[in-house]
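Take a look at the structure below.
The basis for the numbers below is simple: all heavy atoms, side chains too, and nothing from hydrogens, waters or symmetry mates. One-based numbering, in listed order, for ligands and for the atoms of each.
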Amino acid sequence: MMGHLFGLGWIFLLIAAANIEAQKKSSRNVSTKCLGNIMRVDVGPLGGSLLDVAVIINNTATVLTPSIATQCGFSMKSDPFGNALIYVSLQNCFAQNVEDKMFTTALQLRLHGNQFAEDELYQVEETCRYDTWASREVICDYNYIEVSVKRAAPDEFPLHGHPFSSSNSRRAAEKMPMDVGFRATTVVFFAQEGEKPMSLADAQKRGYGIGNTPTRLVLRSPVMAPETFLQNVAGVPMRVLKTSTIFEKKWLATQVDAAAACPLQEGSVFFTQNTITWYLPRKIDPMISSGQFHLLEVHFGINGQRLDAAEMQAREYSVALNDFYIVTELPIGGVGGYYKSHIQDDLYYVSYMIEPMLELLWTEDATYEQTRYKVFFHITTHLLPQPLELIDHTVPEDKMFKMMLGHFAVDVVLINITFPAEVLSTSDCSVRGFNILEHMSPNSSMKFFTLQVPFTDPAVLQQTSEGVTVYSLHLTFGLMLLDDHVTFSHKAYLEAAVKDIVPPSVSGGCDNNNFYVLVKYGTQGYNFQTMVGKRFMTPSLAQHYEYMENGTHFSFVVPFSAPDVAIEAIESSSIRGRLDVVLSNPEMNSQIQDFSVACHFPSTLTECFPNGTMTALALKMESVPSLNPRKLTLEDPSCGPVHSDDRYAFFVFTVNSCGTTRKFMSNAMLYENEISLPDALLMEKGLKSEEPEYHLKVSCVYDINTSHAVAFNTRPRRSEPYAENSKGQLQVVMRLALDDSYSEFQNFEDYPIAKYLQQPLYFEVELLKSTNPLVSLELENCWATQDEDRTSQPRWNLIINGCPNPVDPYQVAYHPVWPDVRVGYPSHFKRFEVQMFAFAEDKDDLSTKLFVHCDVVICDTKNPLGGVCGGQCSNPKNRIKGQT
Ligand SMILES: *[C@@H]1O[C@H](CO)[C@@H](O)[C@H](O)[C@H]1NC(C)=O
Ligand SMILES: *[C@@H]1O[C@H](CO)[C@@H](O)[C@H](O)[C@H]1NC(C)=O
Ligand SMILES: *[C@@H]1O[C@H](CO)[C@@H](O)[C@H](O)[C@H]1NC(C)=O
Ligand SMILES: *[C@@H]1O[C@H](CO)[C@@H](O)[C@H](O)[C@H]1NC(C)=O
Ligand SMILES: *[C@@H]1O[C@H](CO)[C@@H](O)[C@H](O)[C@H]1NC(C)=O
Ligand SMILES: *[C@@H]1O[C@H](CO)[C@@H](O)[C@H](O)[C@H]1NC(C)=O
Ligand SMILES: *[C@@H]1O[C@H](CO)[C@@H](O)[C@H](O)[C@H]1NC(C)=O
């Protein structure tokens, strides 16, 4: 039974007294426990060391060999966790016994033979008090049977007579203590083949232990000693020791009978799949001489220590009594026991071991003698197949193989793992980044290993096709049983397929009014957040933007005027707007896709109406985020927006107000204004540099579809001179009268008309198609050029700001206009007279043409506002239209 105990051995050796100085070289926790008539020493984990146990008496250490241990009442075991336990009978050969009440045993423990640790030496001494001795105490230990009986002389008989012929010979001892003069001389064994008397010395030579304490006789026999015999007790095979010890004194002799029976595992223990059932006869016949007996106490324990009812229930142990047996049931795999590994035909098995203890106290009616009976039982199940399982816990998204290999008894170690290209020890594996861990199973006393191998490791093969990558791993676990160094292995193959991750994508475009955005989900599905401009796509925003979803895509439409659109630029006939769409992962807080689309949206920000009204829309642009459009004004800071908010300001004004300037161009008249933050505001704030720069020029070009040429030498170019504004409603004509009566005019077909120098030219300018008497036409500037282009040089001014050019020697003369058949509204007419002239350089070449141009102003007669409208020869500004 000792053979499989790892790391333990009895060695017979005597060590000189000088060597026993106990030296604790480490803080090992060696503890002792008094457990009734035995004592237990817990040595703790051996950690690969060998343990030698010696007994110290009179400063001399006697190392215990297996036979000394058996003979003297010692046993030892270690569990697979490496914890060593020593069981010591209080009545061992070496105990210092004080009146059968105090028992002191001193042990010396030596741990050695471990290449990784220094030898350790411990001295342990324990005194156990035990004075409740029953008449008979029996200990069935793993390796010995011990019976201790009260030494009383039941009957004396004449020496040399046959002691066992007496009818009293089997009677139990009476209360009278044996006379001190008696000395044990002979032990008679009642063996299978009959009585076997043996001298004390012979018996001790044969491995029996015989001892006398002040009041007791102690007999110890190896379990399988030849003088013991097998007896079937109520169906349970038991090893029986039956003796009579003869004490002599002079001519008298007396005898003390001692009998004990210990059960064998075979025949008393039965296994089912999950349960161990142990039957101990309730009435152990070889130990009960009279028919009647009473069982007083039954105790159960593990490793020599009694358990109370609550502990037993917690561990699912049960002890029941029936008429014949004490039936103990223990769950296989429960705490308190342990598994041991076995390899057979390369298959893994375990056996479960547990060391239960039963302690009985009974009394025999006839004698009132009490027997305390203690059985240490060592139960080992037969081999239980334990197929090794590799459970694949891989989650492909984690990008590593995760597996669990189990379950093993704790006496298995993982040595190495063989990969196709190499063998790695467990420590190599850790260095390589494979996470190898050993775990205890929560319920059973078994363990398992977990291993993680990243997909990126070269040991992992990978193959990609059609957007799926398959990772595979072949491995062989190399394992070993700690006890006997038997190796075995387990092969495994793992495979994991990972779909290549395609992120979601965004596409989009525009028409003249809207942005159109389409989002295609990636392989991960809809697991992202969408941000449009600076806002998250909430359900209400989604509804606003015509959000549609079909399981693989979603789309939405954002009008260019939406607040999520950033205005990048404002151009004459369009707005450049940009929409940003960002897809992000809310968990990782990371951006997946960043998409922008920018488009030009045709848009009339400035409108020019024929009646001289201009409207302008000023939009806040991305480049001036701090702008408050409400504060924008036209050139004239008193002209603010008609309506505005954080994003725009809308202005309505007339071309002759709000600081609008006017420019003449060859075929058009250009009105300009500028929208900006008023300087006053900037100054007032004193923050000029911090205020955003915003200048938006607004202009209106009123087309003058034609230029009417007045020439003097050749035929006119056009039949009818006319002017037209951008809407073609206001028309002004200039014509040449034949005389100052202004009743007849030069035919337009006759242009150019030849005139001589100093000959007067009678001009008339008329506002056509207007029936509004409240407007007047005023001449602002008139001038002559040689070229048809009104801006060409040289140029001679005839009228400046409504007044004749003061430096002109032949000044322009105005002629009044009276109503007549042709003149409905005199205010719509202007007449003036110029004397024909030539440019200096042309004096000799009178064939050159001369073109006369005029800028005119249409004025509101009720509200002339000064300037040209205030009357001839003052300064400009009111309703205007221009022409040559
Ligand atoms: C020694 O054992 C005692 C009792 O079991 C325990 O309280 C103590 O912590 C142990 N000491 C060490 C060092 O293990
Ligand atoms: C131990 O010493 C005591 C006293 O010195 C002696 O009586 C006893 O016999 C000795 N025991 C052994 C086992 O040597
Ligand atoms: C552990 O014990 C619980 C409760 O006794 C049981 O339900 C469970 O199945 C056990 N687990 C294992 C792995 O044995
Ligand atoms: C790996 O472990 C197995 C089983 O323990 C053993 O037989 C083998 O020799 C080891 N291989 C190497 C290279 O260490
Ligand atoms: C979802 O809409 C997208 C874009 O319109 C289209 O390409 C796709 O086929 C649609 N899917 C389904 C399942 O209808
Ligand atoms: C000028 O014309 C526009 C468009 O026809 C009109 O909305 C506006 O009221 C007019 N303004 C004036 C002062 O007549
Ligand atoms: C000017 O008007 C005439 C007649 O209405 C038209 O044929 C011509 O195309 C116009 N020219 C321009 C430059 O608009």
Side-chain angles (χ1 to χ4, degrees), residues 6 48 80 115-116 339-350 386-390 403-432 434 436-438 446-451 453 457-459 467 473-493 499 502-511 514-528 530 532 537 542-543 545-558 579 581 583 592-593 595 597:
F6 177 65
Q115 53 178 319
F116 302 110
Y339 284 105
K340 180 171 160 47
S341 300
H342 307 267
I343 297 296
Q344 270 186 11
D345 299 332
D346 224 26
L347 291 177
Y348 184 68
Y349 295 87
V350 289
Q386 177 70 28
L388 294 183
E389 254 188 316
L390 183 116
M403 65 203 91
M404 188 217 94
L405 179 67
H407 282 78
F408 297 101
V410 292
D411 57 358
V412 169
V413 281
L414 179 59
I415 303 287
N416 61 34
I417 302 177
T418 306
F419 295 95
E422 62 205 315
V423 180
L424 299 181
S425 70
T426 44
S427 53
D428 292 341
C429 285
S430 299
V431 170
R432 180 84 161 254
F434 303 166
I436 296 194
L437 293 175
E438 193 178 298
M446 299 204 83
K447 70 179 182 186
F448 58 91
F449 300 101
T450 55
L451 171 67
V453 178
D457 192 89
L473 177 64
H474 284 273
L475 33 69
T476 306
F477 294 90
L479 300 142
M480 190 177 79
L481 305 192
L482 269 181
D483 286 7
D484 34 22
H485 295 198
V486 170
T487 58
F488 63 108
S489 62
H490 185 79
K491 274 190 180 9
Y493 174 71
K499 268 196 187 168
V502 178
S505 57
V506 190
S507 56
C510 321
D511 62 12
N514 298 305
F515 289 98
Y516 296 88
V517 178
L518 180 67
V519 177
K520 182 179 190 231
Y521 302 167
T523 45
Q524 313 281 84
Y526 187 19
N527 67 340
F528 50 86
T530 309
V532 183
M537 180 71 94
Q543 198 176 14
Y545 287 158
E546 300 172 42
Y547 179 94
M548 293 206 291
E549 201 272 343
N550 73 359
T552 59
H553 295 70
F554 69 76
S555 62
F556 55 94
V557 179
V558 178
L579 182 66
V581 177
L583 308 183
I592 304 169
Q593 281 291 321
F595 173 83
V597 58

Quiz item: Is the Y547 ring parallel, tilted or perpendicular to the F556 ring (thresholds 30°, 60°)?
Solution: parallel
Exercise. Could you tell me which residues satisfy salt bridge (Lys or Arg N to Asp or Glu O under 4.0 Å) with E549, sequence neighbours excluded, listed by chain and number?
Key: none
Quiz item: Pick from E438, M403, H407, M404: which one makes a side-chain contact (heavy atoms from CB on, under 4.5 Å) with F449?
Solution: E438
Quiz item: Centres of the F477 and F408 rings: under 6.0 Å?
Solution: no
Exercise. Go through ligand 4 atom by atom and flag the ones less than 4.0 Å from a non-hydrogen atom of L479.
Key: 4 (C), 5 (O)
Self-check item: Side chain, backbone, both or neither: T418 near ligand 4, heavy atoms under 4.0 Å
Solution: neither
Quiz prompt | Beyond-backbone contact of T450 with I436, side-chain heavy atoms, under 4.5 angstrom | solution = no
Practice problem: Answer yes or no: is there a donor N or O on one side and an acceptor on the other, between the side chain of K447 and the main chain of V410, under 3.5 Å? | Solution: yes
Expected rows: ligand 5 N/O, protein N/O, dist below 3.5 Å:
from, atom 1, to, atom 2, distance (Å)
ligand 5, 2 (O), N550, ND2, 2.3
ligand 5, 11 (N), N550, ND2, 2.8
ligand 5, 11 (N), T552, OG1, 3.3
ligand 5, 14 (O), N550, ND2, 3.1

Exercise. Check whether any side-chain N or O of N514 sits under 3.5 Å from a backbone N or O of Y516 as a donor-acceptor pair, and report yes or no.
Key: no
